[in-house]
Structures are given as structure tokens and as C-alpha cells.
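Remarks on the structure that follows.
Since we're looking at a predicted model, the values are computed, not measured. Hydrogens, waters and symmetry mates are skipped; everything else that's a heavy atom, side chains included, is used.
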Amino acid sequence: MGNCCSGAASSAAAAGLAGVGGIASSAAAPNANDAVDCYLNSRGFHGLFSHIELSFSASNLRDRDVLSKSDPMLVIYTKGKDGALTEVCRSEVVLNSLNPKWIKKFTIVYQFEIVQTLLFRVYDIDKQFQNSREEMLKLDEQQFLGEATCTLSEIVTKSNRTVTLELMHKEGYAPQTQSQNHGKLIVHAEESVASKTTTEIVFRCLNLESKDIFSKSDPLLVISKIVEYGVPIPVSKTEVLKNDLNPTWKPVFLSVQQVGSKDSPLIIECFDYNSNGKHVLIGKVQKSLADLEKIHSVGQGINLSLPTGHKHEDRTLKSQLYVDKFSETVQHTFLEYLASGFEMNFMVAIDFTASNGNPRLPDSLHYIDPSGRLNAYQRAIVEVGEVLQFYDSDKRFPSWGFGARPIDGPVSHCFNLNGSGTYCEVEGIQGIMTAYTSALFNVSLAGPTLFGPVINATATIASQSVEHGGRRYYVLLIITDGVITDLQETKDALVSASDLPLSILIIGVGGADFKEMEILDADKGERLESSSGRVASRDIVQFVALRDVQYGGEASVVQSLLAELPTQFLTYMRTRKITPST
């Protein structure tokens with residue numbers, strides 16, 4: 001996840017599929033066919049990543065030497081969700097200094113959808129060890145000066161991307177005195193320049209072979225980079241063009257950071273798209289961005305090829321690939337928007353319909369376990385909230401319930417979770433959890449399951465923010481156990497909301513059939529259409545069934561769900577030509 005370096009981050013760092021500063025073609029071209037996203041996801045295309053270079057300094061460190069000042073070295077760890085520490089970097093030793101500025105940098109891949117916790121420890125290196133290489137030093141033989149911890153999100157969301165941390169005694173060890181000053185650690189983050197450079201490419205093909213019996217092929221291009229062991233990882237795609245053997249696709253946008261470097265090999269595959277996901281390879285080529293730039297400059301096509309089945313043998317086809325446009329620009333990145341004051345505001349809507357079961361019985365989805373074990377709703381709040389809370393400065397989260405009858409009132413499909421009749425916000429993730437638990441004992445579960453009212457309430461807040469020039473992007477989490485009964489009304493609300501700075505995450509809990517949720521999530525079909533025939537301007541819905549969340553792997557389904565938010569954010573900003581202030 002990271003590495004130490006003495007200079008700029010290496011462009012060949014092999015972590016991450018797409019740059020937060022770059023953008024997949026579906027985001028840059030809102031009318032692209034999102035049905036192919038399902039296909040890309042099945043081949044490993046999930047999140048957006050950006051390389052971050054961290055630099056360090058300290059002030060007022062403790063002096064542990066008798067005849068001189070301390071000789072400090074910084075050790076950096078990442079902390080897993082289970083609390084396990086992994087050492088990832090050691091700085092050089094700065095001699096005789098209580099206010100060191102370390103030269104060695106630490107490069108880490110920032111991932112929006114994951115809480116990346118960092119731990120920093122400072123040691124005074126004994127004179128007898130100072131001729132040894134830093135990585136060979138035994139830390140238990142050095143004098144501990146203090147430690148500090150923070151998340152990467154806390155650093156990158158600061159306007160100056162700098163945090164000052166109080167150095168404390170080591171966790172698990174009692175301090176010599178409670179008031180002892182260990183000094184401060186200053187951490188500064190810089191985003192890789194490569195994250196900001198984006199290449200726009202227009203591809204065209206001639207004389208494609210038809211793979212369909214009764215019609216022409218429906219071609220799309222998938223562009224993949226080659227990572228370790230020669231495995232291709234998709235980084236972008238075109239839209240699907242129906243019945244076209246001489247297609248010209250909408251522009252594809254690739255950042256240098258997405259692909260590794262301008263000279264890194266890319267595999268460009270042309271497929272005949274099939275709705276069942278079994279796409280047929282029409283042909284492919286392997287070229288770098290530098291190669292594609294040359295192809296564009298000479299104006300000639302290159303022949304596609306197909307594997308013959310024999311190792312390293314391909315059959316050259318008559319079909320040709322052309323590059324009609326190749327241009328490079330510097331795009332504003334997700335992190336630049338954050339640094340200039342843009343925020344993501346987290347909101348929650350919870351399903352209180354009777355199908356969840358009596359909250360006082362253990363088989364209910366709303367049962368509060370006295371042992372502290374989280375129920376499905378609590379898990380969903382924590383899974384999503386612990387990530388998004390860092391992007392909302394005041395951490396006051398609008399929270400609603402729906403499908404229940406508050407005390408002495410009719411069934412409501414949008415009531416304030418905190419029980420207030422005037423305001424809907426609660427303080428922090430713990431505030432949501434407390435309000436949720438309290439609501440379970442103050443409402444009667446009822447029905448039916450309607451999404452329209454809470455979506456409209458959120459859209460109203462987002463619309464008012466736009467009218468007042470607010471720098472806010474809203475994320476509504478809907479947690480539900482059942483089939484919605486206002487599908488068309490929900491579609492109408494979503495189509496209308498697609499023009500607003502808003503994304504909607506839907507998490508299904510329990511064992512219900514969630515086929516209708518898949519309809520709302522346009523990743524697996526055509527864009528939503530309202531009852532009046534209007535088509536959504538962009539996809540703003542992502543759905544996941546919590547039962548599908550896997551633990552112990554590299555990434556959960558919820559993480560994959562959250563990973564799409566930066567792209568949706570950038571799509572909204574770029575299509576409306578909203579730029580971050582410098």
C-alpha cells in the first residue's frame with residue numbers, strides 16, 4: 001500500500017486501477033452504456049486510487065541524550081481493522097535535532113472507500129547504531145520518543161493537506177508522568193502530478209468481423225493495463241455501438257497514473273457485446289499511450305489480431321483500429337475539490353416496515369443484541385458511515401426513518417429519526433446509532449415500503465444548496481429489508497435528482513428478493529426513465545445486498561459500492577464545469 005522514497009513518487013507504482021484525478025469514459029461521457037460496468041466489475045475494475053506523497057517534520061521532541069540532543073528516526077505503520085500493525089517505512093536518522101525535518105518521503109495509495117489508519121513512532125537512535133542501515137535497526141534497542149496516529153482521509157481533507165499531531169506515550173505503556181510533553185509531529189500530503197494529467201482518445205475501427213448470425217456485431221472497446229505476472233486489469237471502456245462494423249466511439253479518458261506511465265503496455269480489446277455477459281472477442285492490439293500518440297500523428301490504422309490457440313501466435317485480421325484524436329490536458333482531481341472546500345454530506349434513511357419483525361425478538365432484523373453484536377442495520381450504518389464521516393466537516397448527519405407510525409400519528413414515510421418535529425440532524429455516527437435505537441421503542445412498525453418521500457427530502461436539501469452556491473455533494477444511504485411498492489414514483493424521483501449533487505446508496509438487509517433494486521442501479525441496464533419519458537442525466541444509484549458482503553478478503557462489497565462515489569462526484573462537477581478554487 002505504500003513505499004518510502006527520497007524523491008517524487010514512482011510512476012511505476014503498481015497499485016490502483018484508476019486515478020482519482022482521471023476518469024473512466026462512462027463518467028466523462030454521461031450517455032455511455034453503463035451495462036458494460038457489470039462486465040468490468042467481474043474482471044476486477046472497482047475503485048479509484050491516487051498516489052499520495054507524505055512528508056514529515058517534528059518539533060520540541062524529548063531530549064534523551066545527556067551530552068547532545070536526540071537523533072530521531074520516524075517509523076511508519078499501517079493499522080488494519082483488527083488493530084494489527086504493519087511497518088511500511090523508516091525515515092533517515094537526523095543527528096542532534098529536536099526539530100527534525102526528514103527528507104525521506106512515504107508514498108501511499110489513497111483509497112476513498114477504505115479507512116486507512118496510520119501510526120507514527122519516533123525513536124532516538126543510539127550513537128553506536130548510527131552507522132547501520134535504518135531498516136536493520138532493532139527498535140527495542142532504541143529510545144522511544146513518542147507516537148501519534150491519524151487516518152489518511154484526515155490529512156487529505158485539510159485545506160492545506162497538513163495535520164499537526166501530538167506525540168504521546170506508546171499505546172499499552174503507562175506514561176512516566178501524565179503531563180509529560182513528547183512534542184509534535186507534522187504530516188503534509190501532496191498528490192502525485194500524474195493523477196492530474198488526462199489523455200483524451202477517440203478510437204475508430206474499420207472492417208470489423210461480424211460475430212452475430214442475424215445482425216452485425218455490437219462492438220465496445222476495453223482498455224486494460226498489464227500488471228505483475230502479465231495479468232490485464234481493465235482501466236477504461238467505450239460505450240456499446242449497436243449493429244456497427246465501422247464504429248467511432250465517444251472519447252475515452254485515461255490518466256498516466258491509471259496506466260503506470262506513458263510507455264506502459266496497454267491491451268485494447270474489441271468485443272461483440274452480449275447482454276448475458278458472454279462477450280465475444282473480435283480482435284485486440286497491444287500498444288502504449290506513446291504508441292497511440294504516434295498512430296494518431298501518422299493517421300494510419302493498425303491491424304487487430306486474434307489468438308490462434310498456439311502459444312504466442314496470433315492471427316492478423318483485416319480489421320483496423322484508428323486513433324482519430326489524442327490530446328493531453330490537466331484535469332482537476334477529487335482531492336483538489338476537497339482541498340478547496342468541497343464536502344460530501346452523509347445522510348441516512350432506515351426502513352421501519354413491519355416485515356423487519358418485532359424488534360424485541362431475536363429473529364428481527366431490528367433486534368438490539370444485549371451482547372453488543374451489531375444487527376444488519378447497525379452494520380450498514382457503521383460500514384458506510386465510518387468512511388464518509390471524514391468528508392463532512394461538521395459531522396451533523398440528517399437521519400430519517402420510513403414505513404412506521406410514530407406515537408399518536410399516522411404512518412410516515414419520512415420522519416426524523418431523532419424524534420424532533422423541527423430538525424433531522426444528529427451528531428456523528430454514534431448519534432445515528434443512538435437515534436436509531438431510540439426510534440425502535442418510539443414507533444410502531446408498519447408499511448408499505450416507499451422510497452420516494454426520503455429521496456425527495458434529500459433532493460430538496462441538495463437543490464437548496466445549489467441555489468445558495470453551496471460546495472456540498474450529498475450521499476444518501478437507504479437501508480431496507482424489502483421490495484419497494486412505489487417503484488415508478490421512485491424512478492421519477494431519481495431521474496429528477498440526477499441533475500443534483502447527489503448520490504444514493506441502497507443496502508438491502510435480510511433475505512428478500514432485491515430484483516427491483518437492481519433496476520434502480522443502472523450499472524446493469526439502461527439509464528432510468530421517468531413516467532414522462534425523461535431519462536436520467538447520470539447514474540446516481542448504487543445497490544448492494546449486505547448478505548453478499550465478504551469479510552476477511554481484500555475488499556468488501558460495501559467498499560466496492562463506496563469506491564464509485566468519487567467518479568460520480570467528478571461527473572457532476574465536470575459536466576457542470578464546476579472547478580475547485582485555487
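For D369, the side-chain hydrogen bond (donor to acceptor under 3.5 Å, both in side chains) partners two or more places apart in sequence, or in a different chain, are S371. Every side-chain contact (heavy atoms from CB on, under 4.5 Å) that T248 has, sequence neighbours left out, goes to V202, R204, D324. Every residue two or more places apart in sequence or in another chain was checked for a salt bridge (charged side-chain N to carboxylate O under 4.0 Å, His left out) with E529, and none qualifies.
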For S530 and S532, what are the C-alpha separation, side-chain angles and deciding distance, and is it a side chain to side chain donor-acceptor pair (under 3.5 Å)? CA-CA 5 Å; S530 71; S532 64; 2.9 Å; yes
Hey, mind stepping through E343 and D394 against side chain to side chain contact (heavy atoms under 4.5 Å, CB included) and telling me if it holds? CA-CA 10 Å; E343 295 189 8; D394 66 4; 5.5 Å; no
Take F342 and F334 through the ring pair (Phe, Tyr, Trp, His ring centres under 6.0 Å) test and state the conclusion after the steps. CA-CA 9 Å; F342 285 84; F334 176 66; over 10 Å; no
One pair to check against side chain to side chain contact (heavy atoms under 4.5 Å, CB included): T149 and L118. What are the steps and the verdict? CA-CA 6 Å; T149 186; L118 302 174; 5.8 Å; no
T238 vs K250, side chain to side chain contact (heavy atoms under 4.5 Å, CB included): CA-CA, chis, key distance, verdict: CA-CA 7 Å; T238 66; K250 291 183 174 69; over 6 Å; no
Show your reasoning for whether side chain to side chain contact (heavy atoms under 4.5 Å, CB included) applies to V387 and I114. CA-CA 6 Å; V387 174; I114 296 175; over 6 Å; no
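Under the 3.5 Å distance criterion, the side-chain polar atoms of Q116 are matched with a main-chain donor or acceptor of V109. Using a distance-only test at 3.5 Å, with no hydrogens or angles considered, no donor-acceptor pair links the side chain of N356 to the main chain of L365. Between the side chain of T480 and the main chain of G508, no donor-acceptor pair closer than 3.5 Å is present. At distances below 3.5 Å, not a single donor-acceptor pair connects side-chain atoms of E269 with backbone N or O atoms of L281. With hydrogens and angles ignored, the 3.5 Å screen pairs no side-chain donor or acceptor of D272 with any backbone N or O of P219. Panel note: side chain S465, backbone I461; no donor-acceptor pair is recorded below 3.5 Å. S498 contributes a side-chain N or O that, together with a main-chain N or O of V495, makes up a donor-acceptor pair within less than 3.5 Å. A donor-acceptor pair is defined here as one N or O able to donate and one able to accept, closer than 3.5 Å; no such pair exists between the side chain of T353 and the backbone of G447. With S496 contributing its side chain and D492 its backbone, the two residues share no donor-acceptor pair below 3.5 Å. Checked by atom type and distance alone, the side chain of N418 never pairs as donor or acceptor with a backbone atom of S399 at under 3.5 Å.
Side chains of V509 and N375 form no contact here, defined as non-hydrogen atoms less than 4.5 Å apart. Taking 4.5 Å as the limit, every side-chain heavy atom of L494 sits out of range of all side-chain heavy atoms of F451. Under the 4.5 Å side-chain criterion, counting only non-hydrogen atoms from C-beta, N243 is in contact with D218. At least one side-chain heavy atom of H366 sits less than 4.5 Å from a side-chain heavy atom of L445. Side-chain contact check for Q542 versus L562: every heavy-atom pair is 4.5 Å or farther apart.
Note: Y473 and Y572 have perpendicular aromatic rings, judged against thresholds of 30 and 60 degrees for the angle between ring planes. Using the six-membered ring where Trp is involved, H279 and F271 have ring planes that are perpendicular, over 60° apart on the 30 and 60° scheme.
Closest heavy-atom contact between V483 and T449: O-CB, 3.7 Å. In terms of heavy atoms, R373 sits closest to Q378 at O-OE1, 4.2 Å. Nearest heavy-atom pair, Y377 versus D351, reported as atom, atom and distance to 0.1 Å: OH-O, 3.4 Å. Scanning all heavy atoms of the two residues, the minimum distance from D481 to S355 falls at OD2-OG, 2.9 Å. Across V541 and I506, no two heavy atoms sit closer than the pair CG1-CD1, 3.9 Å. Closest of all the heavy-atom pairs between G401 and L417 is N-CD1, 4.2 Å.
For F112 and Y391, the ring centers sit closer than 6.0 Å to each other.
Checked options R396, R472, K395; the residue passing with N345 is R472 (criterion: side-chain hydrogen bond (donor to acceptor under 3.5 Å, both in side chains)).
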